[in-house]
Structures are given as C-alpha cells and as structure tokens.
Amino acid sequence: MEKIAVLIVAAGRGNRAPGDAPKQYRQIAGETVLTKTLKCFAKFPHIMVVIHPDDQDLYEDAVSGLSLNIQTVHGGATRTNSVKAGLNALSAHAPKYVLIHDAARPFLQDRIIQNVIDGLSTHQACVPALPIVDALKTLDGETVDRDSVMRVQTPQGFRFDDIYKAYQDLPKSVNCADDIEIAKRNGHSIKMCEGDESNIKLTYERDFMQKTDTISVTGSGYDVHQICQGTSLWLCGIEIEAGFSLKGHSDADVGLHALTDAILGAIAAGDIGDHFPPTDPKWKGASSDIFLRHAKELVDAQGGNLDHVDVTLICEKPKIKPHREAMRAKIAEILDMPIRRISVKATTTEGLGFTGRAEGIAASAIVSLRIPDAE
Ligand code: MG
C-alpha cells in the first residue's frame, strides 16, 4: 500500500443531478458521497482529493470525522485539468502506482480495488469493466456488436510515472472522458478487470433516491391538555374560537404535541419534555410549531424523510371537521410535506371519560418515516 497513491476527482459541478450542493457533497445514508468514497480507501496512506475552490467549506465538513491522511489540491476547468493538477501534487510522494477514482462512486468494493491493483502487475493500466446487457444501436438504428464494447468504471489504475508523463505531454486543448483514454493515446498496455454493478456513478436524482439504504420506522405520540376558561384554543397549529381554552405551559396545542412526540419516537430521540422542559420559562406561551419544526430538523439531520402523518384529536368539542383542511395544510407547511401525506381526524368518546365530560382534549399521532440505516 505504501507505494500506491489514490487520487479522488471531486471538483465537478454535477449539473445533471440538481441539488443544493454538488453531488459529491450531498448526503446519502447520513453522510456525504465524498465521505463514503474516501472511506473506501481508508487503508491507503496517500490520498489526494482534487476539489473546486468554491467547495472548501463543504470539503472540510465532509472530512471532519475522518482520520485519514488526505491532502487537497484545487482542480481546473475540466476533468482532464483536475487530474493533471492532482498528479502534479502527488508527484512529490513518488508513488509507484496511482488509483484515479471519481468521487461520485461511493459504493466501491475492496474486491474491485484489488482487481485493479492485481492488473497493474502485468499491465501499465487497469480499468474495471462490465459487459453490456442491452442491445446497442447507432443513432441510425444500426446494430453495434455489444461483445466488442464494455462499460468502464473507476478506480482506474496506472503506473504513476507513465500516466504522469502522459498528462504532461497532453496538448492543452485535449479533454478526455477518463484516464484510460489518455493511457490509450500513449500506447500503454491496458488490462480490463472485473467491475461491479454496485459501483455506480451517482449521476441523476433517481440514483440518490435508490441507493440510500433506508429503513422504515414508525413513532407514536399521545398528549392531553385540560380545558380551561378562555376564548380560543390552538389545535394542530390553527387557532379556533371555541369559547374556552386549553391549559398548558406553551400554547397547549395538544395535536402538535402528540405529533412532535411521534416524530421523536420514530427516531428514538426521547420526548418533547426532554427537548423543551416545561420548567424552562423560555417556552412559556410558545407556539408549538417550534417543537414540531425542531423534531423535523432532527429527522433532517439524520438524513431521514417523513412519509406519512396521522393525527387523531379526541374531544366532544370543538367540532374539528370545519378546521380539518386548514390543520392539514398547516402541518404540511411546518413539515414541508405534501398535504396528501397528512391525515387529521377526530373522534369523540361518546360522552365517556374526561374527554366525554369536556374536561380535557386528547390527541394521538402516528408517523412513518424512512431513515438511513447507518451505523
Ligand atoms: Mg402537551
């Protein structure tokens, strides 16, 4: 390993998968794509990452939890320029081999890395490749013999001095799709080794959706507040002029409290009282959407996604139905979810118990969400 350097190309803008950040810095299963990719090379002592100058902060975040020996260099305007910059920076270490890998392939297996390294014992360059299953046609409809072509992946391995010189000699105007192309231009011997279908390059939005290992989790919440004198009360984020109020330290929105607890339950993050102690004067009279937003932020921080929300209000009065759509819309807004995934319903207890006697209002909630199953 001492003589094998790793060059990660992470300077691209990734404009085929629009998102808040370049795709190598997007979250997948609770960590960034780049973080995952770097972990694939944890046993290599020399790792050089080519980054875009604008991404310095994103990069710092991505590597903050890693104890790897990583250096960075700023990339150029094209992939070819970026790789050249990386090779120039690595030349100080005088490695014997270099593995050049796209940051957007975070599902790389050790087996593929080993295949590439093995190939370098007999060839100047080695690339993981896969056969093509679909029939291939030219734009004119002519059939292409699929046995004569392969799909290639990264990491692509090279004898360092060979690929370094090939890049130095490359005319400035030339931009290559990958590094094997440059080895080929220079007549290097190239071995194709076995790649793997799972080593995909995250490119389109659907790639991010499909490749996250998530599990479905459910949480339930329940809350009660006592009816007291007043003119109005809050239920599911809506103020209702009911001729009475609910008693509580905050705005006593029993519906949002049950829902907040359900979300906290789904991510095993305690209960609403842990996060917003009723003894803390800061929350006196607080609008309960604060609590719900906080629970949602905790889900977001884990890379989770709320799928569905179901709230049941248990009371004789006020009548919920006239306010139900407004409640759904309010919850949808707070949780940034489509309204079709928000259910609010109501029941009475047929005059029985504290809700039947209109001493209090109860609410229960169930949420389902998907969350990365990360260690
Ligand atoms: Mg409460």
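Count residues from 1 along the sequence. Start at 1 and go down the list; that is how both ligands and their atoms are numbered.
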J.: Between the side chains of Arg111 and Asp196, is the shortest nitrogen-to-carboxylate-oxygen separation below 4.0 Å, so that they form an ion pair?
T.: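 Yes, charged N to carboxylate O under 4.0 Å.
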
J.: Between the side chains of Asp179 and Arg79, is the shortest nitrogen-to-carboxylate-oxygen separation below 4.0 Å, so that they form an ion pair?
T.: yes

J.: With respect to the Mg ion (ligand 1), what is the nearest N, O or S atom of His257?
T.: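 Relative to the Mg ion (ligand 1), the closest nitrogen, oxygen or sulfur of His257 carries the name ND1.
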
J.: Any side-chain heavy atom of Ile112 within less than 4.5 Å of one from Asp110?
T.: no

J.: Please determine whether a side-chain nitrogen of the Lys or Arg among Arg328 and Glu333 lies less than 4.0 Å from a carboxylate oxygen of the Asp or Glu.
T.: no

J.: Would you check if the Mg ion (ligand 1) lies under 2.8 Å from any N, O or S atom of Asp253?
T.: no

J.: Need one value: angle at the Mg ion (ligand 1), His225 atom NE2 versus Asp223 atom OD2, rounded to 10 degrees.
T.: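 Centred on the Mg ion (ligand 1), the NE2/OD2 angle is 90° (to 10°).
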
